Amino acid sequence: QVQLVESGGQLVQAGGSLRLSCAASGLTFSTTTMAWFRQAPGKEREFAAAISWIGGNTDYADSVKGRFTISRDNAKNTVYLQMNSLNSADTAVYYCAGKRSGRSRIANSYDYWGQGTQVTVSS
């Protein structure tokens, strides 16, 4: 059974930083594309960042580019999202997702999902 468990979400002041973690089990992590999506209250789930299993190629939404960094540690079956210069627009539930094939920004193309972790940025 595949499990993705996010952690690291909390209340942070604007301008601050957080690192989210997602621990995976029950899948071949080293050959799974991983991504972070987020969903703000009253809004649809949106793509934030993705990292491929080949070469660690990354992709970022324009809204987070230059502030967020996605990385993975295949030895620990864990993907991370380092978030810097946070602002109120970053307040959302952040979800970890995995897919068996190539990188994508489309949520429906992902096969596995975590339960989410809340990030709240106070201004």
Side-chain angles (χ1 to χ4, degrees):
Q1 182 180 356
V2 175
Q3 281 194 315
L4 301 180
V5 180
E6 303 97 333
S7 61
Q10 63 181 46
L11 174 65
V12 62
Q13 287 190 335
S17 298
L18 277 179
R19 189 175 82 155
L20 305 182
S21 299
C22 171
S25 60
L27 52 74
T28 306
F29 185 79
S30 61
T31 59
T32 301
T33 292
M34 300 300 296
W36 289 93
F37 288 78
R38 64 185 186 180
Q39 188 166 17
K43 295 188 177 182
E44 292 188 355
R45 193 169 298 189
E46 65 173 9
F47 169 80
I51 184 166
S52 64
W53 62 275
I54 296 178
N57 294 322
T58 57
D59 183 29
Y60 297 95
D62 288 344
S63 58
V64 308
K65 194 175 295 183
R67 300 187 299 122
F68 290 11
T69 302
I70 188 171
S71 61
R72 64 190 297 158
D73 185 338
N74 288 343
K76 296 183 177 180
N77 284 9
T78 301
V79 62
Y80 305 97
L81 187 67
Q82 177 67 43
M83 305 186 294
N84 299 328
S85 302
L86 286 162
N87 57 63
S88 58
D90 297 316
T91 295
V93 177
Y94 283 71
Y95 296 91
C96 174
K99 67 192 303 284
R100 293 184 291 265
S101 55
R103 208 175 57 210
S104 170
R105 294 188 173 198
I106 301 173
N108 287 345
S109 70
Y110 282 77
D111 304 298
Y112 316 114
W113 289 89
Q115 299 279 7
T117 186
Q118 176 70 48
V119 172
T120 303
V121 183
S122 64
S123 55

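None of these values were measured; they are calculated from a predicted model. Below, each value reflects all heavy atoms present in this structure, side chains not excepted, and no hydrogens, waters or symmetry copies.
In terms of the salt bridge (Lys or Arg N to Asp or Glu O under 4.0 Å) criterion, residue partners of D111 (sequence neighbours excluded) are, by chain and number, R100. Under the salt bridge (Lys or Arg N to Asp or Glu O under 4.0 Å) criterion, D90 pairs with R38, R67, not counting sequence neighbours. Contacts of K76 classified as salt bridge (Lys or Arg N to Asp or Glu O under 4.0 Å), with partners at least two apart in sequence or in another chain: none.
Counting all heavy atoms, side chain and backbone alike, G114 lies closest to Y95 at O-CD2, 3.6 Å. Summarising the geometry of W113 relative to A107, their closest heavy-atom pair is CZ2-O, 3.3 Å, with the distance given to 0.1 Å.
Cluster annotation: F47 is not connected to V119 through the hydrophobic network of ILVMFWY side chains, with a link wherever side-chain heavy atoms come within less than 4.5 Å. In the hydrophobic cluster analysis, where Ile, Leu, Val, Met, Phe, Trp and Tyr join through side-chain heavy atoms closer than 4.5 angstrom, V121 is grouped together with L81.
Pairs of residues two or more places apart, or lying in two chains, that qualify as side-chain hydrogen bond (donor to acceptor under 3.5 Å, both in side chains) and include a residue from residues 114-123 are Q118-T120.
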Inset, instruction - Given side-chain contact (heavy atoms from CB on, under 4.5 Å), test L27 with L4 step by step and report yes or no. - result: CA-CA 10 Å; L27 52 74; L4 301 180; 4.3 Å; yes
Legend entry - Chi angles and distances behind the side-chain contact (heavy atoms from CB on, under 4.5 Å) call for W36, C96: CA-CA 5 Å; W36 289 93; C96 174; 4.1 Å; yes
Please report, to 0.1 Å, the donor-acceptor pairs under 3.5 Å made by any side chain of residues 48-58, with sequence neighbours excluded.
unit_1, atom_1, unit_2, atom_2, d
S52, OG, I54, O, 2.9
S52, OG, N57, N, 3.0
S52, OG, N57, O, 3.4

Per-pair distances, 0.1 Å, donor-acceptor, side chain in residues 9-25, under 3.5 Å, sequence neighbours excluded:
unit_1, atom_1, unit_2, atom_2, d
S17, OG, N84, OD1, 2.9

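At least one side-chain heavy atom of Y60 sits under 4.5 Å from a side-chain heavy atom of T69. Residues T78 and F29 fail the side-chain proximity criterion, which asks for heavy atoms closer than 4.5 Å. No side-chain heavy atom of M83 sits less than 4.5 Å from a side-chain heavy atom of V64.
Ring pair F68/Y94 is tilted by interplanar angle, where 30° to 60° counts as tilted.
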